[in-house]
Amino acid sequence: MGTTLHAPHPWPHITATLRGPGPHRVAIAYLDHTAPDLLPLRAGDQLIVNAARPAVRAHATSPTALAHFLNAGVRVLSTPNLHTGLILTGETVIVGPASASISSTVADETALITDDPDAIAAAHAFLDDLEDTVVVDDVFLDSATAIWQIGRVVPLTSIFRADHVPA
């Protein structure tokens, strides 16, 4: 296969790729209610998102989408510093949109897809090394739902690691 750039609307290709054999490891920072259609994940797959309080309060990450994935048997994790789109299948890595949302399907987006073994290994290492990752379970989901229901705060504050805060 090699390396291919899909643009300006990569979601049909990403979704089709995820319908193939798994397991899949997906890191997509933000999810809206359409994410389950864009990311057809199944039991045995892993999803890493930014479901930290600011992301949920800004309605950037939907508890409804999180619940869908949990109910499907997907292992869902959250980390507050995530701001990327990275999808691993057994044979490829996709670097693409940082949100699985209706807006990302109409915006001009790109996805770089490669079967390069070094890129696949580096992507696995990146996901393995994410810090501050917590398991999204029913208790987490209840809290996220309560935060969501408070109402939307705009805009989503910037994401900075504590050791990389601008002066």
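Predicted model only: the values in this text are computed from it and were never measured. All values below were derived from every heavy atom in this structure, side-chain atoms included, with hydrogens, water molecules and symmetry-related copies excluded.
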Interatomic spacing from CG in Asn50 to CG in Asn81 - rounded to 0.5 Å: 8.0 Å
Within 6.0 Å of CG in Asp128, more than 12 heavy atoms from elsewhere: yes
Single hit among Leu130, Val135, Val136 for side-chain contact (heavy atoms from CB on, under 4.5 Å) with Thr133: Leu130
Verify same cluster id: Val134, Val139 (apolar side-chain graph, 4.5 Å): no
Exercise: identify the closest heavy-atom pair between Pro63 and Leu141: O-CD1, 3.4 Å
Distance, nearest 0.5 Å, that separates OG1 of Thr15 from CG of Leu38: 5.0 Å
Distance-only criterion, 3.5 Å: show the donor-acceptor pairs between side-chain atoms of residues 66-80 and protein atoms not counting sequence neighbours.
residue	atom	partner	partner atom	Å
Asn71	ND2	Ala67	O	3.2
Ser78	OG	Ala51	N	2.9
Thr79	OG1	Glu131	O	2.7

More than 12 heavy atoms from other groups under 6.0 Å of CZ on Arg42: yes
Gln46 vs Val26 side-chain heavy atoms within contact, under 4.5 Å: no
hydrophobic_cluster_shared for Leu31 and Phe140, side chain cutoff 4.5 Å: yes
Contact check, side chains of Thr84 and Ile28, non-hydrogen atoms, under 4.5 Å: no
Closest non-hydrogen atom pair between Asp45 and Pro23, with its separation: OD1-CA, 3.3 Å
Close side-chain approach of Leu88 to His24, heavy-atom, < 4.5 Å: no
Ile14 side chain reached by Ile87 side chain, heavy atoms, under 4.5 Å: yes
Let me have the donor-acceptor pairs involving side chains of residues 89-102, under 3.5 Å, with sequence neighbours excluded, atom names and distances please.
residue	atom	partner	partner atom	Å
Thr89	OG1	Glu91	N	3.3
Thr89	OG1	Thr92	N	3.0
Thr89	OG1	Thr92	O	3.4
Thr89	OG1	Thr92	OG1	2.7
Ser99	OG	Ser101	OG	3.1
Ser101	OG	Ser103	OG	3.1
Ser101	OG	Ser104	N	3.2

Backbone of Thr64 reached by a side-chain donor or acceptor of Ser62 within 3.5 Å: yes
Thr34 vs Thr105 side-chain heavy atoms within contact, under 4.5 Å: no
Steps toward side-chain contact (heavy atoms from CB on, under 4.5 Å) verdict (His59, Trp148): CA-CA 7 Å; His59 287 193; Trp148 179 278; 3.4 Å; yes
Parallel, tilted or perpendicular: rings of Tyr30 and His83 (30°, 60°): perpendicular
Residue pairs involving residues 106-126 (criterion side chain to side chain donor-acceptor pair (under 3.5 Å); sequence neighbours excluded): Thr3-Thr114, Arg25-His124
